Amino acid sequence: MDFHVKNMGLSQMGKKRIEWAELDMPVLRKVKESFAKKKPLKGTTIAACLHVTTETANLMITLKAGGANTVLCASNPLSTQDDVAASLVKDYGIPVFAIKGEDNKTYYKHLNAALDVKPNITMDDGADLVSLLHTDRKNAAKNIIGSTEETTTGVIRLKSLAANKILKFPVIAVNDASTKHFFDNRYGTGQSTLDGILRATNRLFAGSTFVVCGYGWCGKGVAMRAKGMGANVVVTEIDPLKALEAVMDGFRVMPIGDAARIGDMFCTVTGNLNVIRKEHFLRMRDGALVCNSGHFNVELDLVGLKAVSKGKKTVREFVDEYTLRNGKTVCVLGEGRLINLAAAEGHPASVMDMSFANQALAADFLVKKGRTLATDVYTVPQEIDKEIARLKLASLGMKIDVLTPEQKKYLASWEMGT
Ligand code: ADE
């Protein structure tokens, strides 16, 4: 079996951590049990490009239980958990191509290695495999039944391919399932981003001014949790509706140019590029902490920061201190890459449970229906989304009401009025 991981000697710890995550993934466990019986993915080769974490390991194990041939590469050079990569290879026989801290060339070598297995389905977190299938690896696209996409940023890229009429196969936007973005993007990013900042810096949130750039689902989660830790939260936005929502949620809203002067900590979660630029870095307080929790490392203009700096040194793991020409310092965390996965372990298993149940069932759906779908971007079928919510509630021991026949009739009627 061909693979490329950092150190096979780490596998024992990886296995323990994979099993620990599994304990908090009851919905995915149910999917795995059903897959193991029915083998719905038999004969299918799946190449996944996801963050190599304990939760992703459980997804890969589930896909294999369903009969799929699988291969995994990283969707970010800094997010790989090397012990997990080793255990997947050694204990589960799943080839992995991923090493934490790999350079860009190795990152792409690993993506290409995943495509070399001639997949029928790809799973992306950020659309990098699909991107390659539309550029350097066009030939490999002919085997593809369909693809799935985990994140908002990836879905934006895919919709752009579809709008330009060049998308080559159907894609399921797993991100857009309610049981994905309401929970993973909000509560997952909220908790894991703060976890990353804390592990990297061990700074006190209480009483600090915390600036969140972007008030999408991820931004809402980060703002909510920073407030819960006692920070004074400031939100920056470009969308008037989201900005208004932030105001009504009790946050101060202002342009980044103003926020730059008052923030102690900054976190970007916009999905856009160069959100914090050199003119903003120059206005910051001495010692300000700056990080990103959006998918790509483009939200902080680090080229601009370098241009206005006279020195840079690593002062702690994941903390680079830049000394600016004006004499002040700015600390960039995790090289501007996703701080929750660079400095912490990403979202907790309990939310990834629903995200990855969606992924597994989306793969099943593609095997069954992919060949009948036109090339477009689709949401996860509602029945799957609702079933995942039902299973999650059941796993939490929660029960809900059911409509009475009279209520059902009322909802279907238009005659009853004032
Ligand atoms: N994205 C965010 N958190 C993650 C995790 N724990 N595993 C995989 N992908 C993630």
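When a ligand or atom number is given, it counts from 1 through the structure's own listing order. Keep in mind that this is a model prediction, so the values were computed, not measured.
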Working note: Leu300 + Val275, criterion side chain to side chain contact (heavy atoms under 4.5 Å, CB included); need CA distance, chi angles, decisive distance, verdict. CA-CA 6 Å; Leu300 308 177; Val275 176; over 6 Å; no

Distance under 4.0 Å, heavy atoms only, partner ligand 1: which residues pass? His51, Thr53, Glu55, Thr56, Leu341, Glu345, Gly346, His347, Met352, Phe356

For Leu63, which of Lys32, Gln359, Met123 qualifies under side-chain contact (heavy atoms from CB on, under 4.5 Å)? Met123

For Phe205 and Phe210: C-alpha separation, side-chain torsions, deciding distance, then whether ring-ring contact (aromatic ring centres under 6.0 Å, His included) applies. CA-CA 8 Å; Phe205 273 66; Phe210 189 98; 5.5 Å; yes

Checking Asp286 now: which residues fulfil side-chain hydrogen bond (donor to acceptor under 3.5 Å, both in side chains) with it, not counting sequence neighbours? Thr329

With sequence neighbours left out, what residues match Phe318 under ring-ring contact (aromatic ring centres under 6.0 Å, His included)? none

Once ring-ring contact (aromatic ring centres under 6.0 Å, His included) is applied, do any residues pair with Phe169, and if so which ones, sequence neighbours excluded? His134

